[in-house]
Amino acid sequence: MCRHLAWLGESTSVAALVLDPPSGLLVQSYAPRRQKHGLMNADGWGVGFFDAGVPRRWRSAAPLWGDASFASVAPALSSTCLVAAVRSASVGMPIEASASAPFTDGTWLLSHNGLVDRAVLPTSRTAESTNDSALLAALIFDRGMDDLGGTVASVAADDPNARLNILAANGSRLVATTWGDTLSVLRRDDGVVLASEPYDDDPGWQEVPDRHLVEVADARVRMTPLT
Ligand code: GLN
């Protein structure tokens with residue numbers, strides 16, 4: 001289980017989105033407030049953002065709280081679109097940087113918060129790692145982001161215990177699902193945040209109901225039920 005966050009809006013520093021908020025991903029790496037599965041997220045982290053349309057990533061298999069180099073550089077990195085995650089590896093999954101979200105197909109950055117039986121996922125030659133999240137990302141990329149809701153529903157049909165919260169971005173759009181875990185949205189004057197849990201106590205945070213698809217583009221947020 002993990003915690004993830006995405007941003008679409010005016011250019012904002014990586015530190016302001018990931019490290020500085022009082023209950024942001026940095027704090028969620030050791031003290032998440034709403035996590036239902038797992039106590040902390042110490043098995044790696046990843047930050048991906050779009051730089052003139054190109055996805056760039058910085059990932060690690062170590063705890064985010066111990067990375068002084070990232071903390072030093074993050075204030076100098078800015079983007080209009082970001083996906084970041086801190087990871088709590090599920091039992092039996094590899095702990096390596098390539099198993100940390102966000103995954104990419106060169107166009108999208110994608111994070112998975114949850115757990116799925118790898119036996120229901122097709123083997124993939126393009127998956128970045130052998131953990132469930134990397135295999136699921138490869139399947140979603142293969143089927144296309146326009147069919148994210150359909151892919152999530154079909155995986156859930158094959159593994160009824162699966163938890164399938166997806167968060168993805170392509171530089172101009174955010175797409176997310178809720179399927180078994182929490183997600184909140186914050187509409188700010190300068191952009192939109194989607195996050196597994198609120199990074200502060202702003203009363204503007206709104207919880208996304210379970211089994212929904214969320215799409216953010218042009219400062220508009222649309223939520224539709226998944227079936
Ligand atoms: N099942 C995931 C993994 O081990 C757990 C982390 C997450 O929620 N993405 O990779």
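Just so it is clear, the structure is predicted and the values come from calculations on it, not from any experiment. When a ligand or atom number is given, it counts from 1 through the structure's own listing order. Note: hydrogens, waters and symmetry copies are ignored here, and every other heavy atom, side chains too, is used.
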Given side-chain hydrogen bond (donor to acceptor under 3.5 Å, both in side chains), test Q28 with R33 step by step and report yes or no.
CA-CA 7 Å; Q28 289 169 32; R33 297 191 290 177; over 6 Å; no

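A centroid separation of less than 6.0 Å is found between the aromatic rings of Y199 and W205.
Considering backbone and side-chain N/O atoms, A89 never comes within less than 3.5 Å of an N/O atom of ligand 1. Between G114 and ligand 1, at least one N/O pair is under 3.5 Å apart. For ligand 1, the polar-atom distance check against D132 finds a nitrogen or oxygen pair separated by under 3.5 Å.
Every atom of ligand 1 with a heavy atom of S90 under 4.0 Å away is listed here by number and element: 1 (N), 2 (C), 3 (C), 4 (O), 5 (C). Every atom of ligand 1 is numbered from 1 in the order shown, and the set under 4.0 Å from a heavy atom of H112 is 7 (C), 8 (O), 9 (N). Every atom of ligand 1 with a heavy atom of S88 under 4.0 Å away is listed here by number and element: 5 (C), 6 (C). Close approach of ligand 1 to R87 is summarised as follows: ligand atoms under 4.0 Å from at least one heavy atom of the residue are 3 (C), 4 (O), 10 (O). Taking a cut-off of under 4.0 Å to the non-hydrogen atoms of M93, the atoms of ligand 1 that pass are 4 (O).
Under 4.0 Å from ligand 1, not a single heavy atom of S111 appears.
Using a 4.0 Å cut-off between charged nitrogen and carboxylate oxygen, R59 and D67 do not count as a salt-bridge pair.
Side-chain contact of D181 with Q35: a donor-acceptor pair under 3.5 Å is absent, judged by distance alone.
Legend: residues meeting side-chain hydrogen bond (donor to acceptor under 3.5 Å, both in side chains) with E96, ordered by chain and number and at least two apart, are S98, S129. Under the salt bridge (Lys or Arg N to Asp or Glu O under 4.0 Å) criterion, R125 pairs with no residue at all, not counting sequence neighbours.
Note that CZ of R173 and SG of C81 are 11.0 Å apart. Values are rounded to the nearest 0.5 Å.
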